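Given the structure is predicted, the values throughout are model-derived calculations rather than measurements.
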Amino acid sequence: MTGIRELLLSRIRDVADYPEPGVMFKDITPLLADPAAFSALSGALADIARATGATKVVGLEARGFILGAPVAVRAGLGFIPVRKAGKLPGATLSQAYDLEYGSAEIEVHAEDLSADDRVLVVDDVLATGGTAEASVQLIRRAGAEVAGLAVLMELGFLGGRARLEPALAGAPLEALLTV
């Protein structure tokens, strides 16, 4: 796993003062552009999906779609997008959550999940944990079980893990990288 971590880290670019002064943005687009790194990332996350016994992968808008879809394909699982409110056609379940300045809402097609499903949530970054926590609540409200949460990178200094662990209720939280 050390080799994979080094490969992934080598393909993540730091962008200073983006999106605002004082922020060091972690840009994963160079990783996505490198087929070996992207394949290694997809494989590592698919291994987590298999280890958790997941039957479906949920990807969080928008980079969670980019990572979650190939993970689902590699693990032989279905993929379910969790979108910002108003982006899915038809009947949806929604979950509101608080942001640093305001609130947001995410949605899923409830019929895509059932009581027989164990769902792995996949995203690129775990920051404060608000979106991930809302997705866990949404999956449970749809009647499915949360198998865990897997991310490329955890920004440990923002405290997302501490916020999420109670919501995960013992389901694993796996971060390939912690910065």
Side-chain angles (χ1 to χ4, degrees), residues 28-29 32 38-39 41-155 158-177:
I28 68 166
T29 57
L32 299 174
F38 193 19
S39 181
L41 171 59
S42 299
L45 292 172
D47 289 345
I48 293 168
R50 285 188 283 273
T52 64
T55 60
K56 298 227 171 107
V57 171
V58 154
L60 304 181
E61 188 166 343
R63 290 182 299 262
F65 297 171
I66 296 168
L67 302 185
V71 167
V73 169
R74 283 184 82 153
L77 307 174
F79 176 77
I80 310 295
V82 168
R83 306 273 334 249
K84 295 174 183 168
K87 300 287 185 177
L88 289 172
T92 61
L93 277 178
S94 64
Q95 183 69 44
Y97 61 101
D98 291 328
L99 299 168
E100 189 175 355
Y101 300 105
S103 63
E105 192 172 1
I106 54 174
E107 295 179 332
V108 68
H109 282 137
E111 70 269 11
D112 293 340
L113 296 170
S114 75
D116 295 331
D117 284 320
R118 288 182 46 80
V119 180
L120 179 69
V121 178
V122 172
D123 205 3
D124 64 329
V125 173
L126 173 62
T128 63
T131 307
E133 181 182 38
S135 72
V136 165
Q137 293 167 344
L138 196 56
I139 290 162
R140 288 197 178 114
R141 286 185 47 228
E145 181 181 347
V146 176
L149 174 81
V151 296
L152 163 60
M153 185 175 10
E154 177 181 353
L155 305 180
L158 291 176
R161 181 176 292 268
R163 176 180 183 167
L164 268 177
E165 284 179 337
L168 286 169
L173 193 170
E174 301 284 346
L176 299 179
L177 306 171

With a 4.5 Å limit on heavy-atom distance, are the side chains of [X] and [Y] in contact?
X      : Y      : value
Val108 : Val58  : no
Leu60  : Val121 : yes
Leu67  : Leu32  : yes
Leu164 : Leu173 : yes

Which pair of heavy atoms, one from [X] and one from [Y], lies closest together, and at what distance?
X      : Y      : value
Ala44  : Leu176 : CB-CD1, 4.0 Å
Ser39  : Arg74  : O-NH1, 2.7 Å
Leu77  : Ala54  : CD2-O, 3.3 Å
Val146 : Ala171 : O-CB, 3.6 Å

Distance-only check: which donor-acceptor pairs under 3.5 Å involve side-chain atoms of residues 125-134, not counting sequence neighbours?
residue: Thr131; atom: OG1; partner: Tyr97; partner atom: OH; Å: 3.0
residue: Glu133; atom: OE1; partner: Arg163; partner atom: NE; Å: 2.8
residue: Glu133; atom: OE1; partner: Arg163; partner atom: NH2; Å: 3.1

field: Contact list for residues 140-150, test side-chain hydrogen bond (donor to acceptor under 3.5 Å, both in side chains), sequence neighbours left out
entry: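 Qualifying pairs, neighbours excluded: Gln95-Arg141, Arg118-Glu145.
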task: Can you run down the side-chain hydrogen bond (donor to acceptor under 3.5 Å, both in side chains) pairs that involve residues 63-73, sequence neighbours left out, and say none if there aren't any?
output: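 Qualifying pairs, neighbours excluded: Arg63-Asp124.
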message: Closer than 3.5 angstrom, by distance alone: can the side chain of Lys56 be matched with the main-chain N or O of Asp112 as a donor-acceptor pair?
response: yes
Set of side chain to side chain donor-acceptor pair (under 3.5 Å) partners for [X], sequence neighbours left out:
X      : value
Glu105 : Ser94
Thr55  : Asp117
Asp47  : Arg50

Side-chain donor-acceptor pairs of residues 81-93 under 3.5 Å, sequence neighbours excluded:
residue: Arg83; atom: NE; partner: Glu61; partner atom: OE1; Å: 2.8
residue: Arg83; atom: NH2; partner: Glu61; partner atom: OE2; Å: 3.4
residue: Thr92; atom: OG1; partner: Glu107; partner atom: OE2; Å: 3.4

- request: Kindly compute the distance separating CD1 (Ile66) from CG (Asp123), expressed to the nearest 0.5 Å.
  value: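 These two atoms lie 10.0 Å from each other.
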message: Measuring from atom CG of Leu177 to atom CD1 of Ile28, what distance do you get when rounded to the nearest 0.5 angstrom?
response: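 Atom-to-atom, Leu177:CG and Ile28:CD1 are 11.0 Å apart.
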task: Output every pair passing salt bridge (Lys or Arg N to Asp or Glu O under 4.0 Å) with a member in residues 165-177, not counting sequence neighbours, ordered by first then second residue.
output: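 Only Arg161-Glu165 qualify under salt bridge (Lys or Arg N to Asp or Glu O under 4.0 Å).
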